[in-house]
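See below for the structure under consideration.
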Amino acid sequence: MPGPDLLSSQGLRLDGRRPNELRRIQCKLGVFTQPDGSAYLEQGNTKVLAAVYGPHQAAKSKSLQDSVVVNCQYSMATFSTGERKNRPRGDRKSQEMSMHLRQALMAAIKTELYPRSQIDIYVEVLQADGGAYCTSVNAATLALIDAGIPIKAYVIACTASLAWKDGEPEPLVDVSHVEEAAGGVVLTVASMPSTGAIGLIEMSHRLHMDYFDTVLSRAMQGCKDIEVILDKVVREHLAEGWTKSDDAITI
Amino acid sequence: MTKMWTTKSFLTKTKRGNIIKIVREHYLRDDLLCGSGACNVCPHKDDELVLEEKPESICTLFDYPHYLILDTNVVLHQIDVLEEDALKNVIILQTVLEEVKHQNTAMYQRLLEIINNKKRRFYSFVNEHHKDTYIEREPGEKQNDRNDRAIRKACAWYETHLSICSVDGKFPKIVLLTDDENNRKIAVEEGIVCCTAKDYVENVTGAIGLIDKLSKNVIPETCSRDALYPAHLTPSQIHEGIRNGKLYQGTYRASRDNFLEGTAVVNGFEKPILLQGHIGINRAVDGDTIAVEIFPEEEWRRPSDIVLEDKADDPGDQLEEEAVLLKVAEPVDKSDEEVTPTGKVVGIIRRKWRQYCGILMRSKFPGAVRHLFTPAEKTIPRVRIETRQSDVLAMQRILVALDSWPRNSRYPLGHFVRALGPIGNKDAENEVILLEHDVPHARFSEAVLACLPPNDWTIPEEEIKKRVDLRSECICSVDPPGCTDIDDALHAKALPGKTGDGLKRYEVGVHIADVTHFVRPNTALDKEAASRSTTVYLVGRRIDMVPDLLSSNLCSLRGGEERLAFSCVWEIDENANIIHTKFHKSVIKSAAAMTYEEAQIAIDDKSRNDKVASSLRILNALAKKLNRKRLDNGALSLSSPEIRFQMDSETHEPVEVAAKKILETNSMVEEFMLLANISVAEKLAAEFPQCAMLRRHPAPPPANFSTFLKAAKQQVR
Ligand SMILES: [Zn+2]
């Protein structure tokens with residue numbers, strides 16, 4: 001399984017990162033006023049908007065007696081990839097991504113707090129450059145926090161791949177589109193780093209069992225690193241909110 | 001460490017033909033090392049100081065300590081010079097490394113090998129991700145110009161970086177080698193010391209023969225003075241011509257008998273296009289991808305049936321009369337069946353030049369440096385090279401690289417690479433055979449040898465626990481005499497009871513040495529073995545696919561020794577019907593490593609009733625039935641008689657050639673190897689339907705038979 005050349009002989013990746021380095025992360029909470037919570041997140045060139053509505057009263061047909069209904073909708077903007085494609089909402093891929101998104105977030109939301117209610121989470125990928133799902137999960141987490149919905153812990157998703165250097169396996173964290181396209185295996189993990197729980201795990205192709213643990217632990221480390229960065233932003237945002245206007249945040 | 005973020009964007013064409021913009025992230029770093037021993041700023045570890053603190057100058061043009069920085073073309077053209085030990089303390093920029101990789105993978109591998117050789121002190125500097133040396137392409141700037149600018153930027157950076165480090169004002173300077181005149185001009189303006197590769201190498205002292213390795217690279221189409229050949233079309237003219245159907249693309253195949261004739265197969269013509277004469281061939285060399293213009297039908301000719309060899313002496317830069325040849329080629333009449341579409345080479349799309357073995361034809365003039373070289377391969381033209389060691393080289397087989405073929409030169413220009421040994425010497429001639437057939441046969445590198453287990457390796461107890469223990473089975477191997485790499489072994493025994501049809505049951509196993517235990521995926525050893533892909537047997541010499549420790553010891557299923565194997569074990573009835581198949585890793589201990597002859601004797605000798613003899617008899621009987629079945633199933637048996645060399649036991653010279661005797665035991669072994677292959681293939685196809693590969697021979701095109709049919713027709717008459 002001689003993988004593609006993802007690491008230079010000097011140990012740098014195609015974009016100049018080292019194997020354990022994340023892409024640049026930029027984010028902002030509360031970008032919209034209409035939804036109850038919103039966030040904008042960039043991981044490298046992957047850019048995602050997330051908005052959360054609720055909790056509000058659930059529609060009669062869906063309503064559950066003992067927990068909240070979580071509704072996720074994932075979509076990609078038509079201009080999100082290099083080649084413009086006609087991507088009607090609700091196509092197969094988006095539906096699958098919506099389900100995976102829901103699976104990851106459900107693990108963290110304290111669903112029992114809001115019986116007969118509903119939370120709607122909308123995620124729009126504005127630009128896709130690798131790891132769109134991960135950025136979506138992370139943005140949705142930020143939007144949930146912005147909406148003030150209680151969660152058990154941060155749900156963070158991150159990818160990892162495997163490269164070879166001098167015959168030794170070297171896992172790569174936070175895989176970019178170029179690396180994905182080069183044909184390396186991509187392992188996606190959505191986890192709650194502070195508890196160590198895994199909400200979702202997915203792999204693009206076969207990977208030899210011998211290397212699974214190294215790749216997984218690199219992805220988990222990536223989740224931890226991302227959590228640190230996002231947590232800092234959340235705290236700054238909250239501090240800002242308190243000082244700016246008293247009525248902006250009500251708990 | 002801080003990481004700066006920027007993006008690179010460029011336009012590209014998709015498969016559908018749409019132009020799209022690609023934006024890529026590009027991170028710039030401040031933790032990249034300069035690799036110089038004279039630096040005390042970068043946090044080097046000891047083994048990262050590749051470049052010497054006080055490099056000694058060997059070039060009289062620059063008599064002070066300096067490092068060399070090369071541009072891409074210098075690397076591409078002068079790789080033979082770089083491979084010599086003479087030049088040290090060289091900085092290879094990432095810009096250059098990537099351009100080389102993009103343009104020529106073989107060169108790239110050779111460059112990597114030099115960089116990896118610690119003694120050579122070649123440092124690869126990641127200028128494209130260094131925050132102080134990365135530059136963005138300016139609007140309208142060509143990629144080449146941008147890269148030249150990046151190289152100059154890195155030169156300037158090194159110069160300043162090293163000067164900051166210095167306490168006493170003594171620090172290594174940078175010398176840029178580039179053959180691009182314009183680049184040199186700008187570099188001088190920017191205060192960068194530079195010169196051509198040729199000037200530098202010609203002024204190197206104390207490196208004998210280095211000058212011989214200089215590539216005679218000139219831009220062939222610029223030599224229009226005294227031009228002998230018509231100019232080639234430019235790539236864009238060729239592209240245009242092919243697109244509007246006026247030109248055709250093909251691969252040039254030179255005739256073996258006539259140096260002024262060749263052909264090219266092109267799309268749309270059933271027969272290959274005939275190309276004749278110096279002008280018609282216009283400097284195409286066997287294997288090149290060429291652009292062909294096809295003449296109108298009335299000018300078509302027939303392939304000549306004369307043998308024409310290039311002159312022994314160098315006639316100088318002139319082309320001899322082609323009239324004789326062209327006259328022969330004229331068609332007898334319109335209905336001449338042999339008239340072939342004829343054309344001429346108008347451009348070269350891609351050269352497929354490699355290094356060629358051959359001999360030096362010394363110039364008649366004493367003291368001359370220009371000589372002709374005759375390649376061993378008849379389809380390759382003679383080459384003009386320059387060397388000052390012609391009296392030594394004339395007695396040798398030598399290796400020569402082609403550099404260019406200017407319009408005003410009768411012969412292509414090349415340079416001497418290395419001598420292979422005296423003409424007629426067995427080792428030298430072996431070397432020629434290996435090189436001409438592109439067989440990798442260098443000694444295994446340190447990196448490869450580092451993957452090997454220790455010489456006294458024995459099977460660890462825990463490995464035995466993981467495997468099926470077959471050490472008590474009576475397993476034996478049957479091979480040609482003198483075989484030291486025994487890769488397969490067999491066993492057979494009768495099982496108790498009968499099948500449902502009342503037939504006798506047997507257990508038969510094929511055991512293949514488990515090389516995968518030692519050759520782990522993606523190791524240097526794995527890659528080397530993959531590039532060799534087979535063991536090559538010469539008379540009296542074997543070029544191993546994996547090092548000797550594995551091929552003739554740990555992975556050789558020797559008699560009486562415990563070895564790791566991969567086994568395929570069948571339950572089979574007396575009519576050779578397979579009842580059950582299983583595959584597993586195993587540990588075996590071969591009871592006997594036999595020759596075909598010994599095995600045959602054991603089978604035939606009625607007095608022998610030992611375990612080995614009886615299992616061989618079972619195998620032999622089953623093999624005959626398997627063979628019958630295969631043939632009934634439509635198997636094709638191609639007989640290509642194998643030959644054997646009789647070696648003199650003292651001199652190791654071959655003394656006699658004889659056809660190998662085919663014994664029953666030969667086909668016995670063959671039959672079970674086939675059966676194992678078939679079983680494995682069936683298993684693979686069933687378990688991995690998406691990635692199991694099928695090898696299949698398509699029916700040959702009728703044109704392949706034409707020569708044969710012609711010859712056969714003449715026999716009938
Ligand atoms: Zn330095």
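Chain identifiers are assigned alphabetically (A, B, ...) following the order of the sequence lines, protein sequences preceding nucleic acid strands; residue numbering begins at 1 within each chain.
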At their closest point, which heavy atom of A/Tyr211 faces which heavy atom of B/Pro521, and how far apart are they?
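It is OH-CG, 4.0 Å.
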
Taking atom [atom1] of [X] as the centre, does the number of heavy atoms from other residues, nucleotides or ligands within less than 6.0 Å exceed 12?
X	atom1	result
A/Lys47	NZ	yes
B/Glu463	CD	yes
B/His102	NE2	no
B/Gln143	CD	yes
A/His177	NE2	no

Nearest 0.5 Å, please: how far is [atom2] in [Y] from [atom1] in [X]?
X	Y	atom1	atom2	result
A/Asp15	B/Arg24	CG	CZ	9.5 Å
A/Arg13	B/Glu25	CZ	CD	10.0 Å
B/Gln94	A/Ser8	CD	OG	6.5 Å
A/Ser9	B/Lys101	OG	NZ	8.5 Å
B/Asn522	A/Leu162	CG	CG	8.5 Å
A/Leu14	B/His129	CG	NE2	8.0 Å

Is it the case that the side chain of B/Tyr27 and the backbone of A/Arg18 share a donor-acceptor pair, with hydrogens and angles ignored and the cut-off at 3.5 Å?
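Such a contact is absent between B/Tyr27 side chain and A/Arg18 backbone.
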
Do B/Arg29 side-chain atoms and A/Gly16 backbone N/O form a donor-acceptor pair below 3.5 Å?
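Yes; at least one donor-acceptor contact below 3.5 Å.
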
Full working for side chain to side chain contact (heavy atoms under 4.5 Å, CB included) between A/Leu12 and B/Leu32
CA-CA 10 Å; A/Leu12 292 184; B/Leu32 298 171; 4.0 Å; yes

Region of A/Asn45 in contact with chain B, defined by heavy-atom distances below 4.5 Å
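For A/Asn45, backbone and side chain are both near chain B.
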
Checking B/Ile115 against chain A: side chain, backbone, both or neither under 4.5 Å from a heavy atom?
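Contact with chain A is absent: no heavy atom of B/Ile115 under 4.5 Å.
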
